[in-house]
Amino acid sequence: MDDDAVERVLAAKPEMADLGRAAYALLLELYPDAVVTVDGGDIGFGSTSGYKGLMFTLSPHREHVTIGIANGAVLPDPDGLLQGKGKLHRHVKLRSRSDLDDPRLRLLLSAALMGRE
């Protein structure tokens, strides 16, 4: 993992940099053995550096931070946290620390990780 590259991605959107750093820390807490990669403005978390092993993406934007979930379309989402209409992937938009601290988000991310085993 290239910490400088990760920080450049997070710092590129100063309005959301702190939230992005907190989301990054959460994803590493839940997925400590992740291979972290940077591709353009996205940070990837997966079992390998390629797309096939991708589990999550983290993308800071001006007004939110997006956590993308590979195969999120098959996850149970009774609370309707997931957004998107792709055949496989879904995402969650974080706009504040309270979104990140929502225990339902942790459950959703944990369910995604359990599904990869």
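Any value given below was found using the heavy atoms of this structure, including those in side chains, with hydrogens, waters and symmetry copies removed.
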Margin query: For a quick test of reading the model, state the closest non-hydrogen atom pair linking Ala11 to Ala17 and the distance between them.
Written below: CA-CB, 4.4 Å
Next item on the list: Starting at CD1 of Ile67, measure out to OH of Tyr24 and round the result to the nearest 0.5 Å.
Entry: 13.0 Å
Note to self: Please report the interatomic distance CG(Leu107) to CE(Met114), rounded to the nearest 0.5 Å.
What the structure shows: 10.0 Å
Item checked: Any Leu105 side-chain heavy atom under 4.5 Å of Asp99 side chain -> no
Note to self: Measuring from atom CZ of Phe56 to atom CG of Leu28, what distance do you get when rounded to the nearest 0.5 angstrom?
What the structure shows: 11.0 Å
Note to self: Out of the candidates Val9, Thr66, Leu10, only one should pair with Leu58 under the side chain to side chain contact (heavy atoms under 4.5 Å, CB included) rule; please name it.
What the structure shows: Leu10
Margin query: Which residues pass the side-chain hydrogen bond (donor to acceptor under 3.5 Å, both in side chains) test with Asp39, not counting sequence neighbours?
Written below: none
Item checked: Distance-minimising heavy-atom pair for Leu94 and Ala23 -> CD1-CB, 4.0 Å
Margin query: Let me confirm one number: the NZ-CZ distance from Lys13 to Arg62, rounded to the nearest 0.5 Å.
Written below: 7.5 Å
Next item on the list: Answer yes or no: is there a side-chain heavy-atom contact under 4.5 Å between Glu7 and Arg21?
Entry: yes
Check: Which pair of non-hydrogen atoms, one from Met16 and one from Arg95, has the smallest distance, and what is that distance?
Finding: CE-O, 4.1 Å
Note to self: So, taking the atom named NZ in Lys87 and the one named CG in Asn71, what distance separates them when rounded to the nearest 0.5 Å?
What the structure shows: 14.0 Å
Notebook entry, point to check: Ser59 and Thr57: side-chain donor and acceptor closer than 3.5 Å?
Noted result: no
Note to self: Applying a strict under-4.5 Å side-chain criterion to I, L, V, M, F, W and Y, I'd like to know whether Leu108 and Leu26 cluster together.
What the structure shows: yes
Notebook entry, point to check: Do side-chain atoms of Arg90 reach the backbone of Gln83 as a donor and acceptor pair under 3.5 angstrom?
Noted result: no
Would you tabulate the side-chain donor-acceptor contacts of residues 73-82 under 3.5 Å, counting partners in other chains and residues two or more places apart, or write 'none'?
residue	atom	partner	partner atom	Å
Asp77	OD1	Gly80	N	3.3
Asp77	OD1	Leu81	N	2.9
Asp77	OD2	Leu81	N	3.1
Asp77	OD2	Leu82	N	2.8

Item checked: Joint cluster assignment, Tyr31 & Val38, ILVMFWY side-chain distance < 4.5 Å -> yes
Checklist line | Contact summary for Leu30 and Leu113, nearest pair of heavy atoms | finding: O-CD1, 3.3 Å
Margin query: Taking Lys93 first and then Glu63, would you say they form a salt bridge - that is, a charged N and a carboxylate O separated by under 4.0 Å?
Written below: no
Next item on the list: Sort and list the pairs that fulfil side-chain hydrogen bond (donor to acceptor under 3.5 Å, both in side chains) and have at least one residue in residues 100-113, not counting sequence neighbours.
Entry: Glu29-Arg106, Arg97-Asp101, Asp102-Arg104
Notebook entry, point to check: For the atom pair OG1 (Thr37) and CG (Leu54), what is the distance rounded to the nearest 0.5 Å?
Noted result: 7.0 Å
